[in-house]
K.L.:
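Sharing a structure here in C-alpha cells format.
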Amino acid sequence: MSEKILLIDGHSILNRAFYGLPDLTNAEGKHTGAVYGFLNILFRILEEEKPQYLTVAFDLHEPTFRHKMYEAYKGTRKPMPEELREQVPLMKEMLTAMGIKIVSKAGYEADDLLGTLAVRSEKEGMDVTILSGDRDLLQLATEKVMIRLPKTSRGKTTIENFHAAEVLEKYQVTPPQIIELKALMGDSADNIPGIPGVGEKTATKMIVEFGTIENAYVHLEEIKPNKARESLREHYDLAELSKALATINTESPLEYVYEEARLGNLYTPEAYQLCKQLEFKNFFGRFDTSAVPENTIEQNFFTCSDLGGAEALFKKAAEKNYIGVALLSDKEGVYGLGIALTKGEIYYVPVEGLLTGDYICAALKEIADSTILCSIDVKSMLKHVGLEDAGHVFDTGVAVYLLNPLKSSYTFDDIAREYLDGALLPTRTDLLGKDSLKAAWEKSSDGLMSYACHLAYTAYATREPIENALKETEMWNVYREIELPLIFTLDSMEKWGIRVKGEELKSYGEKLQVRIAELEKLIYEQAGEEFNINSPKQLGVILFEKMGIPGGRKTKTGYSTAADILEKLAPEQPIVNDILEYRQLTKLKSTYADGLSAVIEADGRIHSTFNQTITATGRISSTEPNLQNIPVRMELGRLIRKVFVPEDGYVFLDADYSQIELRVLAHMSGDEKLIQAYREAEDIHRLTASQVFHVPFDEVTDLQRRNAKAVNFGIVYGISSFGLSQDLSITRKEAAEYIEKYFETYPKIKGFLDGLVADGKEKGYVSTMLGRRRPIPELKSGNFMQRSFGERVAMNSPIQGTAADIIKIAMNRVYQRLKEEGLQSRLVLQVHDELLIETKKEEVETVSRILEEEMKGAVHLSVELDVDMHEGNSWYEAK
DNA sequence: CTGATCACG
DNA sequence: ACGTACGTGATCAGC
C-alpha cells in the first residue's frame with residue numbers, strides 16, 4: 001500500500017468556507033466562520049483519506065510572476081473582504097498549532113506549490129490528493145493525483161473528485177488540455193482574459209479537435225464559427241498570455257522535507273486553547289483534555305463538608321451584599337452547592353452526611369433574605385429553594401441571553417470569557433466528562449467540586465460587568481421588569497404542571513393504531529410491495545420511480561415528499577391521500593399519544609420545562625414535552641386536548657390575544673388606516689380585503705379574505721413576493737401586486753418596515769417596543785440569501801418580540817395577582833398568545849376579570865388589545 | 001448527528 | 001442571478 005499525501009489550497013478553501021457559511025463571530029467579535037469551515041472540511045477529508053502527509057499552501061501577498069503578467073495587461077485583483085482577510089493569519093495560527101506544515105513562496109502562487117509537490121510526490125510513489133475550490137487545479141490530475149473540489153449548495157458540502165479519467169469524462173479533454181480550455185475561455189475569477197467570443201462550447205470543440213491552441217492556429221481556417229476564428233486570429237497574443245496565466249508551474253524551486261509534513265497528533269493543547277478562544281465547541285470533543293493545563297483559579301477553592309464549617313460559611317455569606325451560588329441539582333435531588341463570597345473565596349459544600357440537600361436549601365433561603373444570590377440558572381435553584389422575591393436574585397444566564405439572544409447555550413466558561421476579559425475557564429466537559437451531576441456525585445468526583453466553584457465564581461465575578469452592559473444597552477428595565485419576575489412565574493407553571501388523563505390518551509392511541517394498520521395495508525397494496533412509509537427516501541422511490549408520478553425532485557437527498565408538494569403534484573392519486581392520512585395519524589400517535597403518555601409523572605400531571613433563554617425574538621419555548629404545539633387546527637388532532645383536564649373542583653380558563661402581532665404592527669408603524677381598521681372591525685382580514693381590493697365590506701369573497709389574511713401574515717414575517725406566492729399558489733407577479741396594493745392601503749407600513757431594515761443595518765440589531773434587542777449579523781452579509789434573510793428578520797423580530805414582551809408582562813401580573821389575592825387558581829400554560837389557568841370553580845369570575853384586566857392592560861397601544869376567553873372542563877372545551 | 005417532516009404560534 | 005416566508009421542538013431514518 002503506497003503512502004498518501006494531502007495537499008490543500010489554503011486560500012481557496014478558506015474562501016469557499018467564508019462564502020459558504022454564515023458569518024460566525026466569537027464573543028470578542030472576531031470573525032471565525034471561514035476558519036471553522038476550513039477545519040470542518042479538513043477533518044472530513046482526513047477521516048476519508050487517512051493520509052500520512054499533509055501540507056497546506058498559501059499565496060504570499062506579494063505580486064507573483066503570473067500576477068505581474070496579468071496586471072501588466074489589466075488592473076489589479078479584486079480585494080478580499082476584511083472579514084475574510086483577518087481570518088488568514090488566524091487560519092495559519094491554527095494550522096501551526098495543530099502541527100500542520102504550511103508552505104508559501106515569494107513569487108509563486110499556492111497553485112504552483114501544489115503542482116510542484118504533486119508532481120514530486122507522485123514521483124516518490126505516493127498517492128496524491130489535492131483539495132481546492134479552484135477548477136484550474138484539474139490540469140494536475142493523473143491516475144495517482146486526485147483533485148477534490150468541495151461544493152457547497154444549500155448549506156451542505158459535497159465533494160467532486162477527479163482523477164485524470166473523471167476530467168476526461170466531464171470535460172472531454174485530458175488534464176493538461178484543461179490549460180488550453182481555460183486559456184481560450186478565460187476565467188474572470190482567476191483573471192484570465194481568454195479569447196473574446198469563445199465560450200465553453202467552442203473552446204471544448206476546438207481542443208477536442210486540435211488538442212492544443214498552437215495546433216488550432218495551424219488549422220485556423222478549419223475552425224467553424226466564423227466569429228471565433230476571426231477573434232482567435234486577432235487575439236493571438238491574448239491566447240499566449242492566457243495560456244501562460246493558466247499554466248501551473250510544477251517545477252517551483254521549493255525546499256521541502258517530507259518528514260516535516262508527516263501527520264502527527266493534530267489535537268494539541270495549543271490547538272485546543274485556540275479552539276476555545278474561537279468558541280469552536282463542536283471540535284472540543286476531538287481533544288484529549290485530560291492532559292491540558294487549564295488557566296484555573298482553583299487555588300482559591302475550598303471544600304466545606306462539616307456542619308460547623310458550613311454554618312460559619314453561610315453566616316459569612318449572609319453578610320455580603322451579593323454572592324455567587326451554584327446549586328447542583330436535578331429532578332432527583334441536590335448534590336452540592338458552590339458559593340463565591342468574593343473573587344478569591346470560593347467554597348464547595350457537598351451533600352454528604354449531616355449536610356443534607358434540605359439543610360443546604362433551607363440555609364440558602366435564609367441567606368437570600370439579606371443578600372442577593374447570583375446564579376447562572378436561578379429557575380433550577382427555585383425547584384429546591386422556595387424563594388419568592390425577584391429582588392433577591394440575579395440570573396446571569398437570563399441576563400446574558402438578553403445581551404445576546406442568538407447563542408444556543410449559555411455556559412459558564414462562555415460567560416466568563418465574554419465578561420471577564422477573555423478568561424479561559426475549563427468547560428463542564430473538562431471537569432465532569434460526560435457524567436451527569438448524579439453520576440459525578442456518586443463518584444465523589446473532584447470535578448464536581450471544581451465545577452460548582454467555577455459556576456459560583458463566574459456568577460459572582462460577572463454580575464457587575466453584566467449589569468453594566470444591561471444598563472448601557474438600555475435593557476436593564478426589560479431584565480428587571482420582565483425577565484427576572486418571569487423566572488418565578490415560569491417556575492410556578494412548571495411545578496404545577498397540567499393534569500392529563502393517561503388512560504384516555506392510551507385509548508386514543510389505540511384507536512389511531514387501528515386506522516394506521518388499515519392504511520398501511522392499503523398503501524402496500526397500491527405500491528405492490530412493503531416498504532417503510534416513514535422513510536422519505538423509500539417513499540420517494542415508490543412514488544416517483546415505481547409508480548411514475550411526474551414532477552418529482554426537490555431536496556438534495558432526493559425527492560421531496562412533503563405534504564404540500566404531494567398535494568400539488570398528485571391530489572387525485574389515492575395512494576397519496578392514504579400516505580398523507582398515514583403521516584398525520586402516525587404523527588399524532590408517536591409524538592402526542594405515545595410521547596405525552598411517557599412523560600406523565602406520578603402526580604398524574606405533565607411538567608413541561610419553559611425555557612427562557614432559547615429564542616432569538618424573546619418568546620419562551622417549551623420542552624420535554626413541548627406543550628406549545630399540541631394539535632388544534634385539525635379536528636382529529638384537536639381531540640387530544642380533551643385529555644388535558646383541570647383538577648377536580650377546578651375548570652380551565654383559556655384566554656388568547658386576538659391578532660396581537662398585527663395590532664403591534666398597527667401601533668408601532670403608527671399607520672392611521674390600520675389603527676382605524678382595528679377600531680372598527682371585528683374581522684380584520686375581511687376589512688383588509690375590502691380595502692385592498694376596493695370592494696364593499698359585505699361583498700368580500702372568501703378567496704379575497706383568504707388572500708388578505710395571507711398578506712397580513714406575510715407582512716409580519718417580513719414580506720416577500722416569493723413567499724406569498726408559495727403560500728397562496730399564485731404567481732410571483734400576482735403576489736407582488738397584492739403586496740403593493742396592501743402598502744397603498746396602509747401607507748405607513750412600508751416606511752415602517754423599511755425603517756426597521758435601515759435601522760438594523762446601521763446599528764446591527766433591531767429592538768422591540770420595550771427595548772429587547774436582537775442582533776442581526778446577516779444584514780451585513782455579502783451573500784444575497786443571507787442578507788435577505790436578515791432583512792426579513794429585521795421586519796419580523798420587533799413585531800414578534802414586542803408581542804412576546806406583552807404576554808410576558810401579562811403572565812407576570814396574572815401570576816402575581818393570583819398569589820397576592822390568595823387565590824387557589826394557577827397559571828399552567830403559555831402558548832405565545834394564549835394563557836391557560838386552572839381555575840378554582842368559585843374563583844372563575846375573579847380570575848376571568850384578572851385575566852382580562854392584566855392581558856388587555858399589559859401595555860397601552862394605539863389599538864386595543866383584544867382578548868378571547870373561554871371556560872371548559874378540558875383544554876379542548878376551553879379553547 | 002443531520003435532514004426531512006410536521007405539530008404549534 | 002442568487003432561492004425564501006418568521007419563531008419553535010419531537011420523531012424517525014439513515015449515515
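Hydrogens, waters and symmetry mates are skipped; everything else that's a heavy atom, side chains included, is used.
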K.L.:
Could you summarise the pairing of DNA chain C as dot-bracket text, marking Watson-Crick and G-U pairs under 3.5 Å with ( ) or [ ] inside the strand and | across strands?
P.N.:
.....|||||||||.
K.L.:
Answer with base, sugar-phosphate or nothing: what part of the nucleic acid does G718(A) contact at a heavy-atom distance below 4.0 Å?
P.N.:
nothing
K.L.:
As a test of reading the structure: which of dG9(B), dC6(B), dA7(B) is closest to the side chain of A562(A), going by heavy atoms?
P.N.:
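Minimum distance to the A562(A) side chain belongs to dC6(B).
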K.L.:
Using a 4.0 Å heavy-atom cut-off, does A563(A) contact any base of the nucleic acid, only the sugar-phosphate backbone, or nothing at all?
P.N.:
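Since only primed, P, OP1 and OP2 atoms lie under 4.0 Å of A563(A), the category is sugar-phosphate.
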K.L.:
Provide, to the nearest angstrom, the distance between the CG atom belonging to L588(A) and the C1' atom belonging to dT5(B).
P.N.:
14 Å
K.L.:
What nucleic acid atoms does A804(A) come within less than 4.0 Å of, heavy atoms only: base, sugar-phosphate, or nothing?
P.N.:
nothing
K.L.:
With a non-hydrogen cut-off below 4.0 angstrom, is N783(A) in contact with a base, only sugar-phosphate, or nothing?
P.N.:
nothing
K.L.:
Decide yes or no, distance alone: a donor-acceptor N/O pair under 3.5 angstrom between the base of dG7(C) and the side-chain of R774(A).
P.N.:
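No pair found.
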K.L.:
With respect to the phosphate group of dG9(C), does any side-chain polar atom (N or O) of T591(A) fall under 4.0 Å of OP1 or OP2?
P.N.:
no
K.L.:
OP1 or OP2 of dG3(B) versus the side-chain N and O atoms of K537(A): is any pair under 4.0 Å?
P.N.:
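The answer is no; no side-chain N or O of K537(A) sits under 4.0 Å from OP1 or OP2.
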K.L.:
Atom CE of M634(A) and atom P of dA7(B): how far apart are they, to the nearest Å?
P.N.:
8 Å
K.L.:
Nearest heavy-atom pair of G790(A) and L779(A): which atoms, and what distance?
P.N.:
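Looking at all heavy atoms of both residues, the shortest contact is C-CD2, 3.4 Å.
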K.L.:
Looking only at atom C1', what distance separates dC2(C) and dA7(B), rounded to whole Å?
P.N.:
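It comes out at 32 Å once rounded to the nearest Å.
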K.L.:
Over all heavy atoms of both residues, which pair between I600(A) and G502(A) is shortest? Give the atoms and the distance, please.
P.N.:
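Scanning both residues, the minimum pair turns out to be CD1-CA, 3.7 Å.
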K.L.:
What is the nucleic acid contact for T561(A), judged by heavy atoms within less than 4.0 Å: base, sugar-phosphate only, or nothing?
P.N.:
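Touches sugar-phosphate only.
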K.L.:
Is the phosphate of dA7(B), meaning OP1 or OP2, less than 4.0 Å from a side-chain N or O of R638(A)?
P.N.:
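No, outside the criterion.
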K.L.:
Identify whether any heavy atom of S720(A) sits under 4.0 Å from a base atom; if not, whether one sits that close to sugar-phosphate; answer base, sugar-phosphate or nothing.
P.N.:
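Since a base atom lies under 4.0 Å of S720(A), the category is base.
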K.L.:
Tell me the interatomic distance from N611(A), atom CG, to dA10(C), atom P, rounded to whole angstroms.
P.N.:
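So the CG-P distance, N611(A) to dA10(C), works out to 11 Å.
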K.L.:
Can you tell me how far P in dC6(B) sits from the matching atom in dA5(C), rounded to whole Å?
P.N.:
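Nearest-Å result for dC6(B) against dA5(C) at atom P: 14 Å.
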K.L.:
Is the shortest side-chain heavy-atom distance between E83(A) and K780(A) below 4.5 Å?
P.N.:
no
K.L.:
State which of dA5(C), dC12(C), dG7(C) makes the closest approach to the side chain of Q800(A).
P.N.:
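So the nucleotide nearest the side chain must be dG7(C).
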K.L.:
Between R583(A) and dC6(B), does any side-chain N or O lie under 4.0 Å from OP1 or OP2?
P.N.:
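Checking R583(A) against dC6(B): at least one side-chain N or O falls below 4.0 Å of OP1 or OP2.
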K.L.:
Check whether more than 12 heavy atoms from other residues, nucleotides or ligands sit under 6.0 Å from atom NZ of K201(A), and answer yes or no.
P.N.:
no
K.L.:
Has Q584(A) got a side-chain N or O lying under 4.0 Å from the OP1 or OP2 atom of dT5(B)?
P.N.:
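Answer is no, no contact under 4.0 Å.
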K.L.:
Counting the atoms with a prime plus P, OP1 and OP2 as sugar-phosphate, which does S622(A) contact under 4.0 Å by heavy atoms, base, sugar-phosphate, or nothing?
P.N.:
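Sugar-phosphate only.
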K.L.:
Over how many whole Å does the gap from N629(A) atom CG to dT11(C) atom C1' extend?
P.N.:
11 Å
K.L.:
NZ of K589(A) versus P of dA7(B): gap in Å, rounded?
P.N.:
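Distance check: K589(A) NZ to dA7(B) P gives 16 Å.
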K.L.:
Less than 4.0 angstrom between a side-chain N/O of R792(A) and OP1 or OP2 of dC6(C), yes or no?
P.N.:
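Checking dC6(C) against R792(A), a side-chain N or O does come within under 4.0 Å of OP1 or OP2.
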K.L.:
Can you check whether R619(A) has a side-chain N or O nearer than 4.0 Å to OP1 or OP2 of dG9(B)?
P.N.:
no
K.L.:
If the plane angle is over 60° it's perpendicular, under 30° parallel, otherwise tilted; pick one for Y717(A) and F713(A).
P.N.:
tilted
K.L.:
Looking only at non-hydrogen atoms, find the nearest pair between A666(A) and Y678(A) and report the distance.
P.N.:
CB-CD1, 4.3 Å
K.L.:
Report the nucleotide, chosen from dT4(C), dC6(C), dC6(B), that has the shortest atom-to-atom distance to any side-chain atom of K587(A).
P.N.:
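Nearest to the side-chain atoms of K587(A), counting from C-beta on, is dC6(B).
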K.L.:
In whole Å, I'd like the distance from the CD atom of Q612(A) to the P atom of dG7(C).
P.N.:
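Rounding to the nearest Å, CD of Q612(A) and P of dG7(C) are 20 Å apart.
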K.L.:
More 5' along DNA chain C: F789(A) or T623(A), using each one's nearest nucleotide?
P.N.:
F789(A)
K.L.:
Do the ring planes of Y401(A) and Y410(A) sit parallel (below 30°), tilted (30 to 60°) or perpendicular (above 60°)?
P.N.:
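Perpendicular.
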K.L.:
Pick base, sugar-phosphate or nothing for E624(A), based on heavy-atom distances below 4.0 Å to the nucleic acid.
P.N.:
sugar-phosphate
K.L.:
Within the structure shown, what part of the strands sits under 4.0 Å from N626(A) by heavy-atom distance: base, sugar-phosphate, or nothing?
P.N.:
sugar-phosphate
K.L.:
Is there a side-chain contact between V541(A) and F531(A) (heavy atoms, below 4.5 Å)?
P.N.:
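Not in contact.
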K.L.:
Between Y592(A) and I719(A), which is nearer to the 5' end of DNA chain C once each is assigned its nearest nucleotide?
P.N.:
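On the 5' side of the pair lies I719(A).
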K.L.:
Measure from CD on E520(A) to P on dC12(C) and round the result to the nearest Å.
P.N.:
14 Å
K.L.:
Base, sugar-phosphate, or nothing for L724(A), non-hydrogen atoms under 4.0 angstrom?
P.N.:
base
K.L.:
Contact class for V831(A) (heavy atom, under 4.0 Å): base, sugar-phosphate, or nothing?
P.N.:
sugar-phosphate
K.L.:
Looking for any heavy atom pair under 4.0 Å, which part of the strands does Q538(A) touch: base, sugar-phosphate only, or nothing?
P.N.:
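Q538(A): backbone/sugar contact only, no base atoms under 4.0 Å.
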K.L.:
Remember a base hit wins even if backbone is also touched, and classify A735(A) as base, sugar-phosphate or nothing at under 4.0 Å, heavy atoms.
P.N.:
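No contact at all - A735(A) keeps every heavy atom at 4.0 Å or more from the nucleic acid.
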K.L.:
Working to the nearest 0.5 angstrom, can you tell me the gap between H667(A) NE2 and I799(A) CD1?
P.N.:
12.5 Å
K.L.:
Nearest whole Å is fine: how far is dA7(B) C1' from L829(A) CG?
P.N.:
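Rounded to whole Å, this separation is 15 Å.
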K.L.:
May I ask you to decide if V716(A)'s main-chain N or O and N796(A)'s side chain share a donor-acceptor pair within less than 3.5 Å?
P.N.:
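The answer is yes, because a donor-acceptor pair under 3.5 Å joins these two groups.
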K.L.:
Are S788(A) and dG3(C) close enough that a side-chain N or O sits under 4.0 Å from OP1 or OP2?
P.N.:
no
K.L.:
Touch check for Q726(A), heavy atoms < 4.0 angstrom, all strands: base, sugar-phosphate only, or nothing?
P.N.:
nothing
K.L.:
Could you check which of dC12(C), dT4(C), dG7(C) has an atom nearest any side-chain atom of S590(A)?
P.N.:
dC12(C)
K.L.:
Shortest non-hydrogen contact from Q726(A) to K568(A)?
P.N.:
O-NZ, 3.8 Å
